[in-house]
Amino acid sequence: MKRYKPKDVEPKWQDIWDATGVYTTNLQSSKPKYVAMSMFNYPSGNLHIGHAMNFTISDVKARFKRQQGFESYHPVGWDSFGLPAENRAIKVGKSPQESMAELIPEYRKAYKAMGWSNDWEKEIASHLPEYYKWTQWIFAQMHRSGLAYQDSRMQWWCELDNSVLANEQVIDGRCWRHDGPDDPLVQKKEVKQWFFKITDYADELLESIDGLDWTDSVKLAQKNWIGRSVGAEITFKITDSEQSLSVFTTRPDTLYGVTFMVMAPEHELVRSIFTEDQSAAVQAYIVATQKKSELERQTEKTKTGVFTGAYAINPINGEKIPIWIADYVLAGYGTGAIMAVPAHDERDEEFAVMANLPIIQVVDDNNALINSAGFDGQNANEAREAIVGQLVTTDQAISKINYKMRDWSVSRQRYWGAPIPIIHCAKCGPVLVPDTELPVILPELDDFKPTGDGRSALARAKDWLAVECPECGGPAERETDTLDTYICSSWYMYRYLDPRNQAEIFDKAIVQKWEPIDFYNGGDHATAHLLYARFIGHFFKNIGLVDEPEPFKQFLFNGKVTAADGTMFSKSKGNGIDPLEIINQGYGADALRMFLMFAAPLDTWAKWDPQGVPATYRFISRIWNLVQEYVATEPAPASSDQAKELLRVTHQMIKKVTEDIEGNRYNTAISAGMSAINELYKLKVQALGRNDAWQQALEAVVACMAPFAPHASEELWFDLGHHSSVHVDTWPKFEAKYLVQDTIKIAVQVNGKLRGQIEIAANETEENVIATAQSNERVRAHTEGHDILNTIYIPGKIVNIVAR
RNA sequence: GCGGAUGUGGUGAAAUGGUAGACACGCUGGCUUUAGGAGCCAGUGCCGCAAGGCGUGAAGGUUCAAGUCCUUUCAUCCGCACCA
């Protein structure tokens with residue numbers, strides 16, 4: 001008998017699949033479409049177990065749909081620009097280009113070894129000019145739409161990367177790439193940056209979250225990230241000064257309760273307003289704040305601050321109120337200054353107590369205004385508009401909606417990215433490179449380390465740098481910043497649908513047919529990437545490129561794989577699991593894939609169990625051996641009882657597996673397959689012969705397990721007599737009629753406690769069921785001598801006898 | 001602090017308000033001349049010889065019936081973190 005040897009079976013089918021193109025998607029197909037994909041990969045090292053988890057999840061989904069008759073597409077590509085790749089290149093002393101040329105083919109081999117059903121004809125890589133031409137084009141479109149602008153900002157600066165960092169790349173005060181305890185804290189540095197005005201889309205992005213079929217925690221994280229709050233910006237004049245101070249508040253109704261103002265120490269107005277006698281204290285406080293780490297500022301329980309010596313005028317009543325600086329007010333949120341209402345804000349109250357400042361209550365327990373002059377007695381909620389309305393007439397306030405989310409910084413002072421298609425001309429200012437001259441090719445350099453003066457290595461490429469201004473023809477210089485790689489990854493799902501188009505970013509008709517992505521999954525980027533991709537989708541919709549603004553219909557935020565002790569695998573600990581090693585040990589990709597999908601629900605973090613892959617290997621062997629035994633046996637009709645039982649087992653499994661894969665419950669889908677095999681083994685002991693019932697049962701098991709174990713299933717499918725792939729149009733159809741049974745087993749409870757089990761005809765009347773239940777010996781032992789008060793019969797399930 | 005999630009055998013985990021622990025690991029026993037990451041069968045929540053009793057973090061409640069619904073509480077994990 002042919003034994004199960006993955007080392008023979010898997011490479012064989014991988015080659016055949018390549019040669020026959022089973023996974024090549026026909027984008028013009030008349031079949032219904034389906035796209036399942038995982039977040040594409042940074043080629044920065046080896047394939048690790050986390051990749052194996054992510055890509056297997058989407059592969060199973062794509063395979064399932066392909067078997068169900070969909071034109072199913074499981075795309076593949078590389079997120080090949082960016083810091084990790086550049087850092088690795090610097091480390092190994094090769095250019096990032098060379099490094100990619102070596103890494104990507106290795107990944108391709110690994111992907112094939114995992115048995116993922118990728119369409120390699122449509123492979124993309126974000127570092128190739130044919131791709132980044134369109135990344136640059138998107139920048140140009142943003143620019144033309146007024147959504148790209150340049151501004152000087154204090155930015156987080158990592159001195160190891162010599163680059164600015166986005167807020168989301170700063171973790172606990174450290175750079176996301178250098179977050180070890182010995183790594184330096186990030187600094188603030190003023191840098192001229194390009195931004196995308198994602199804040200213009202804040203409302204749109206917020207409103208459409210609810211309609212998404214996404215993991216709830218991610219939807220919530222995005223809502224919080226956008227952080228919309230409705231209020232007003234109110235202007236306070238500063239005494240003895242031409243300047244004024246603007247604050248954002250959600251509570252204009254408490255304006256009469258303002259007893260002091262607080263500015264962030266970093267606020268630019270601070271320098272020009274503090275008085276001579278407060279100078280030393282203010283300067284000292286600013287220095288002290290700079291020295292504090294983010295972590296220290298966060299964990300400090302008590303409020304600190306310093307009086308500036310300056311005063312502001314409350315626009316509603318002309319009161320003179322002191323202006324303080326304190327580090328509990330953040331420079332980056334709102335206007336960087338607040339009106340303090342200690343009676344109605346905990347933090348302001350703490351501060352007032354510390355600084356011995358007055359506290360005036362202006363809203364009573366019934367939410368009515370008090371101590372508020374002409375507004376007294378009004379409901380606080382209603383008074384908000386009235387107060388703002390009054391100030392608006394004198395230009396001292398405007399209604400405003402504020403967002404926590406800030407504009408997207410898209411500049412990077414690094415080499416390994418798409419050059420920003422801008423030319424700086426002394427006469428014309430920053431000018432877009434004409435679309436006809438895209439892509440702006442990233443020049444190859446010998447030294448691609450940052451210059452360290454804040455500019456990327458591109459500043460050294462003198463020939464590349466000097467150009468004519470597209471507008472006036474005068475001498476000009478190219479922009480040396482490159483684009484944030486989050487731009488590359490925010491539109492790649494569209495390029496997957498038309499990867500070789502040289503004339504336009506993609507063919508609108510193809511994208512219209514194939515959008516949105518039906519299934520997307522990953523274990524990271526709840527806010528950054530997933531928000532940026534949605535932003536680009538909405539932008540594309542608004543400029544008429546797509547019909548559907550939301551790129552991903554369904555998103556599954558899947559769990560990761562941890563070591564057996566629950567800690568993360570990491571390179572530094574050296575406890576990683578190498579998927580290829582597991583495969584090469586002889587267990588094969590099928591067993592590995594199946595274990596990863598079986599170990600835990602997809603949204604739960606799975607623990608690596610060294611016994612896990614052998615277990616799924618055993619399961620696949622059991623299917624394998626049964627099929628081999630079957631095909632070697634003689635034709636013989638099944639008894640009608642056995643045929644009936646075979647079909648019942650088969651269709652029960654089909655139903656469960658189909659529903660569970662559809663609902664992303666892969667672990668229970670696999671256990672349904674295991675249960676079916678266990679039952680088939682028992683039936684085999686009675687009789688095994690080649691006949692329709694056995695054939696149908698075995699085909700169903702093979703087809704239903706094919707998404708998880710594609711290689712073994714393919715081999716067995718052919719062994720069962722087929723001549724074309726199990727992976728296309730083979731999903732068995734569930735038929736309820738096979739589950740109908742003549743007799744059923746019913747549990748009997750007395751007072752809610754299980755006391756017995758009875759077997760009854762499936763269509764037995766309630767009266768007879770209850771009579772049978774009451775006559776059951778074990779039930780009688782608990783009812784005799786008691787009055788029966790009530791009986792409940794849930795058809796097909798349970799009888800409960802209530803006795804006293 | 002705020003928000004979210006999760007607490008079930010020795011372990012990973014199953015359970016539309018209806019027989020808790022499917023499936024798998026591990027363990028125990030049996031069978032088979034078994035060179036194999038062996039296979040097959042049976043058993044395996046806890047206490048108890050048994051009858052039976054007890055069991056889903058804890059305490060209450062609703063219900064004929066609660067892992068599931070409600071209240072309180074504890075623990076763990078995740079996200080955000082002085083958001084004006």
Side-chain angles (χ1 to χ4, degrees), chain A residues 3 172 216-221 223-225 227-229 231 247-251 254 262 264 294 297-301 303 326-330 332-341 344-348 350-351 402-405 526-527 557 559 564 566 585-587 591 595 598-601 603-619 621-622 625 656 665 667-678 681-682 684-685 745-757 778 781-782 789-803:
Chain A
R3 292 197 55 86
D172 288 340
D216 285 336
S217 63
V218 174
K219 290 164 74 167
L220 190 71
K223 284 185 187 176
N224 292 339
W225 187 267
R228 180 182 201 262
S229 51
V247 300
F248 174 75
T249 178
T250 55
R251 297 293 304 277
T254 61
V262 186
E294 277 287 297
R297 272 173 85 161
Q298 278 171 27
T299 47
E300 263 174 0
K301 291 276 183 272
K303 298 267 180 289
D327 64 7
Y328 84 92
V329 172
L330 307 176
Y333 183 75
T335 64
I338 61 158
M339 57 178 228
V341 186
H344 303 289
D345 182 285
E346 267 184 51
R347 295 154 299 173
D348 295 349
E350 268 179 57
F351 192 85
N402 202 51
Y403 298 94
K404 217 160 93 181
M405 182 170 72
T527 45
F557 195 48
Q585 277 169 14
Y587 290 111
F595 167 66
F598 178 65
D603 55 3
T604 301
W605 286 45
K607 284 184 186 150
W608 181 256
D609 176 0
Q611 310 279 8
V613 175
T616 44
Y617 173 84
R618 208 170 300 144
F619 169 52
S621 300
R622 273 164 73 80
N625 292 338
K656 179 83 176 144
R665 295 178 298 271
N667 57 332
T668 49
I670 292 168
S671 54
M674 290 172 168
S675 292
I677 276 291
N678 290 346
Y681 265 72
K682 282 175 196 159
K684 183 193 84 169
V685 175
K745 284 175 180 157
I746 296 277
V748 184
Q749 296 179 331
V750 178
N751 292 332
K753 292 196 173 181
L754 182 69
R755 295 301 179 190
Q757 198 177 56
R778 290 187 58 213
H782 289 89
L789 305 180
N790 195 7
T791 52
I792 291 111
Y793 174 48
I794 306 298
K797 293 208 167 131
I798 207 161
V799 172
N800 191 9
I801 298 166
V802 187

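Side-chain atoms are counted along with the backbone in the values below, which use heavy atoms only and exclude waters and symmetry mates.
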Can you name the closest pair of heavy atoms from [X] and [Y] and give their distance?
X	Y	result
A/A803	A/N751	N-OD1, 2.9 Å
A/Y617	A/G586	CE1-O, 4.0 Å
A/A340	A/V262	CB-CG2, 4.4 Å
A/S229	A/Y333	OG-OH, 3.2 Å

Looking across every strand, which nucleic acid part, if any, lies under 4.0 Å from [X] by heavy atom: base, sugar-phosphate, or nothing?
X	answer
A/T604	sugar-phosphate
A/N667	sugar-phosphate
A/F598	base
A/T250	sugar-phosphate
A/N751	nothing
A/Y681	sugar-phosphate

Could you tell me which nucleotide pairs with [N] by Watson-Crick or G-U wobble geometry, both distances under 3.5 Å, or answer none if nothing does?
N	value
B/rA65	none
B/rG52	B/rC47
B/rA42	B/rU28
B/rG9	none
B/rG3	B/rC78

How far, in whole Å, is [M] from [N] if one measures between their [atom1] atoms?
N	M	atom1	value
B/rG36	B/rA24	P	26 Å
B/rG7	B/rG21	C1'	15 Å
B/rC47	B/rG55	P	15 Å
B/rU63	B/rC70	C1'	12 Å
B/rC80	B/rG10	C1'	37 Å
B/rC54	B/rG48	C1'	11 Å
B/rG57	B/rU11	P	14 Å
B/rU19	B/rG67	P	10 Å

From CA spacing to verdict: side chain to side chain contact (heavy atoms under 4.5 Å, CB included), A/R347, A/V329: CA-CA 10 Å; A/R347 295 154 299 173; A/V329 172; over 6 Å; no
Whole-Å gap separating [atom2] ([N]) and [atom1] ([X]):
X	N	atom1	atom2	answer
A/D609	B/rU11	CG	P	13 Å
A/I677	B/rC40	CD1	P	10 Å
A/R665	B/rG12	CZ	P	22 Å
A/R228	B/rC80	CZ	P	23 Å
A/R347	B/rC82	CZ	P	9 Å
A/L789	B/rA65	CG	P	12 Å
A/K404	B/rC82	NZ	C1'	12 Å
A/K607	B/rA24	NZ	P	21 Å

Residue whose nearest RNA chain B nucleotide is more 5′ - A/L220 or A/S229: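 Mapping each residue to its closest nucleotide by heavy atoms, the 5'-most match is A/L220.
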Of A/K684 and A/I670, the one whose closest RNA chain B nucleotide lies more 5': A/I670
Side-chain heavy atoms of A/V748 within contact of A/R778, under 4.5 Å: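 Side-chain contact under 4.5 Å: no.
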Pairwise side-chain contact, A/V685 with A/Y681, heavy-atom cut-off 4.5 Å (strictly under):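 Counting from C-beta outward, A/V685 and A/Y681 never come under 4.5 Å.
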Pair A/T791-A/N800, side chain to side chain contact (heavy atoms under 4.5 Å, CB included): steps then yes or no: CA-CA 6 Å; A/T791 52; A/N800 191 9; over 6 Å; no
NZ/A/K745: more than 12 non-hydrogen atoms of other groups inside 6.0 Å: no
Shortest side-chain distance from [X], nucleotide among [options]:
X	options	answer
A/S675	B/rA24, B/rA22, B/rA84	B/rA22
A/Q611	B/rA38, B/rC82, B/rC25	B/rC25
A/Y328	B/rC64, B/rC82, B/rA15	B/rC82
A/P601	B/rA38, B/rC82, B/rA14	B/rA14

Donor/acceptor link under 3.5 angstrom from A/K682 side chain onto base of B/rC41: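 Side chain to base: no pair below 3.5 Å.
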Chi-angle category of B/rG4 [syn within 90° of 0, anti beyond]: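 Base orientation relative to the sugar is anti.
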Cation-pi check, A/K303 onto A/F351 ring (under 6.0 Å, within 45° of axis):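 Judged by the rule (NZ or CZ under 6.0 Å from the ring centre, within 45° of its axis), A/K303 is not positioned above A/F351.
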Rounded distance [0.5 Å steps], CD in A/Q749 versus NE2 in A/H782: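 Result: 12.5 Å between the selected atoms.
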Test log, rule side chain to side chain contact (heavy atoms under 4.5 Å, CB included), inputs A/F619 and A/F595: CA-CA 10 Å; A/F619 169 52; A/F595 167 66; over 6 Å; no
Derivation of the side chain to side chain contact (heavy atoms under 4.5 Å, CB included) call for A/N667 and A/T604: CA-CA 11 Å; A/N667 57 332; A/T604 301; over 6 Å; no
Under 4.0 Å protein heavy-atom contact, by nucleotide of nucleotides 48-57 of chain B - B base, S sugar-phosphate only: ----SSS---
Protein-to-nucleotide contact annotation, 5' to 3' order, nucleotides 16-21 of chain B [B base; S sugar-phosphate only; - none; under 4.0 Å, heavy atom]: B-BB--
